[in-house]
2 protein chains.
Amino acid sequence: MAPDSKPATGVDSADPRSARHPRRPDLSRSRILDAAVAEFSQKGFAGARVDEIAAQAQIGKRMLYQYFGNKGQLFQAVIEKVYTDIWEAEASLDLQNLPPRDALVALVTFVWRYYIAHPEFTKLLNEENMLGARHFRSSKVLREGSVKSQFLTEQVLARGVADGTFRPDIDPVQLCLTKNAICYYYLMNHATSSHVYGRKLMTREALEARLAFNIETILAIVLAK
Amino acid sequence: MAPDSKPATGVDSADPRSARHPRRPDLSRSRILDAAVAEFSQKGFAGARVDEIAAQAQIGKRMLYQYFGNKGQLFQAVIEKVYTDIWEAEASLDLQNLPPRDALVALVTFVWRYYIAHPEFTKLLNEENMLGARHFRSSKVLREGSVKSQFLTEQVLARGVADGTFRPDIDPVQLCLTKNAICYYYLMNHATSSHVYGRKLMTREALEARLAFNIETILAIVLAK
DNA sequence: GGTATAAGTAACTGATTGGTCACATGACTG
DNA sequence: CAGTCATGTGACCAATCAGTTACTTATACC
């Protein structure tokens, strides 16, 4: 056991004071990034503190600036990470083997559960929009990755139209936006909403009820009469 | 004409240097509040600068603190203002004279147009949620006002159920949340979304198309088969 | 018209914060 | 095994910012 307060995180985590300098550049980099995701998502860009990120990553501020340049570029790296993460998860859904209706339900369910499991994504998406999508725009990775993200919904919708389960006149972009919206808004604004509607919104039952309602909503939109 | 750079804004706007101090307490207060709404909505709570608010209100920082106490209380006043504003506008809709279906369409249309006309509302709602609805909770005005806000949708829904146009099993809270969500998300996150979907989302045509889609969505949810 | 007081200003302060510097150390290379 | 450079540390700096103080001026009241 470590003699003092050091909680011994990670694999070997040599105490930086006694057995100095573990020397793990890429691990340090990813620790900084993880800490930055947490800090930025909790406090927003302006509210986030670089020192706090460095402390959370158990690293000197110096290295943070060495790896990421400045606060803004670090934020950009954070945005890139969370977007590529969700796109990767989305891509591994393997919807082709499901009938269109089930595939669409799976897509809604995925977004819902992902937003719940990764509240930092919605928070950061939100913050990035407050900043006018500045970092999104200037990121090559994101510009390229975004192309194939919408492709998923488009494919499912097209298959459903082809076999007659879905209406032929649905704009996939509108559908996708609505799918994200009904998940995002509920989770993002539950704090005020729970007061406005006088109801607990984040209990397990409430979350399941909302998922069911959202699935119903999406199906109501696309299902042929 | 004023001899120097002072642009002489407002009704009499005596130059503070020569014909000093117009002495308008309540007007000063409302000017501070307006400036605060703009500043907080554009930059968030942490990003907003008290000095900037004071400058924008053309007033010394001193008065700002005299009237509102501190930055946090000023933010609370801002939240109270924008919420009471939207509730007031909503209440003046006079939906009772419309058949349920039209009333619901009017409700969706109202939210859509209000969010477009008052982007500061969505931004501030968002910010308040990032802060855990702290100010909302501690505001008597808001706790009381929120009660009758949901009443509107409930009434319309109940009337529609009574006359058979609407399904009887719709949860008004879920419906209300969805109605707000599909308007809010589109307008709030258009910056990133326009890149993800490679489409202009804020043109006049795009906005009208979205409103039409949103109305369709809400009707698809509630309309009896 | 004179005086008390609210409305207003400008300069200041203590604390915070993004960013940098001088310097230490350990791993890899020849 | 010696030199070198990436990895890392803690102290430091200049700027910013929320909040305050000392002081000035217009209005209201008598």
Side-chain angles (χ1 to χ4, degrees), chain A residues 6 9-33 35-36 39-40 42-78 131 135, chain B residues 4-6 9-33 35-36 39-40 42-78 131 135:
Chain A
K6 189 118 294 190
T9 53
V11 277
D12 68 329
S13 87
D15 183 283
R17 203 69 45 153
S18 57
R20 313 276 291 225
H21 307 299
R23 205 50 62 92
R24 277 304 204 353
D26 47 350
L27 192 141
S28 292
R29 196 182 192 280
S30 82
R31 275 227 305 265
I32 294 172
L33 204 51
E39 177 76 0
F40 280 127
Q42 282 164 32
K43 310 193 188 156
F45 180 74
R49 299 293 159 234
V50 175
D51 297 77
E52 185 56 32
I53 294 171
Q56 211 61 39
Q58 296 186 53
I59 213 165
K61 228 184 346 172
R62 169 68 201 277
M63 296 324 290
L64 189 153
Y65 281 100
Q66 171 127 349
Y67 286 133
F68 294 98
N70 59 33
K71 196 184 181 184
Q73 287 171 269
L74 176 57
F75 187 77
Q76 169 148 343
V78 162
L131 269 43
H135 310 89
Chain B
D4 60 13
S5 63
K6 190 115 291 187
T9 54
V11 276
D12 68 328
S13 87
D15 184 287
R17 204 69 43 153
S18 55
R20 315 273 294 223
H21 307 302
R23 207 49 62 94
R24 275 305 203 352
D26 48 350
L27 193 141
S28 292
R29 208 190 121 92
S30 82
R31 275 228 305 266
I32 295 171
L33 204 51
E39 178 76 0
F40 280 127
Q42 282 163 32
K43 310 194 190 156
F45 180 75
R49 299 293 160 232
V50 175
D51 296 76
E52 185 57 31
I53 294 172
Q56 211 61 39
Q58 296 185 49
I59 214 166
K61 225 182 354 170
R62 168 67 201 276
M63 296 324 291
L64 188 152
Y65 281 99
Q66 171 127 347
Y67 286 133
F68 294 97
N70 59 33
K71 194 183 182 184
Q73 287 171 269
L74 177 57
F75 187 76
Q76 171 150 342
V78 162
L131 269 43
H135 309 89

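- Between A:M63 atom CE and A:R31 atom CZ the span is 12.0 Å, to the nearest 0.5 Å.
- None of B:D51, B:L33, B:N70, B:L74 except one satisfies the side-chain contact (heavy atoms from CB on, under 4.5 Å) rule with B:L64; the exception is B:L74.
- Taking the six-membered ring for Trp and thresholds of 30 and 60 degrees, B:F45 and B:F75 have ring planes more than 60 degrees apart, a perpendicular arrangement.
- Residue B:S28 places none of its side-chain N or O atoms closer than 4.0 Å to OP1 or OP2 of C:dA7.
- Checking side-chain atoms of B:E39 against main-chain N and O of B:R49 turns up a donor-acceptor pair under 3.5 Å.
- One can place CG of B:D51 at 13 Å from C1' of C:dT13, the figure rounded to the nearest angstrom.
- At a threshold of 4.0 angstrom between heavy atoms, the contacts of A:R49 are confined to the sugar-phosphate backbone, with no base atom among them.
- The distance between atom CG of A:L64 and atom P of D:dG8, rounded to the nearest whole Å, is 12 Å.
- A straight line from CZ of B:R62 to P of C:dA6 spans 11 Å, rounded to a whole angstrom.
- Between A:K61 atom NZ and D:dC13 atom C1' the separation is 10 Å, expressed in whole Å.
- Distance, B:I32 CD1 to C:dA7 P: 11 Å, rounded to whole Å.
- Rounded to a whole Å, the OH atom of A:Y67 is 18 Å from the C1' atom of C:dG19.
- One can place OH of A:Y65 at 18 Å from P of D:dC12, the figure rounded to the nearest angstrom.
- The residue among B:Q66 and A:K71 whose nearest nucleotide of DNA chain C is located toward the 5' end is B:Q66.
- Residue contacts for A:A48: at a heavy-atom cut-off of 4.0 Å it reaches the sugar-phosphate backbone alone, with no base atom in range.
- For A:L74 and C:dG18, the CG to C1' distance is 12 Å, given to the nearest whole Å.
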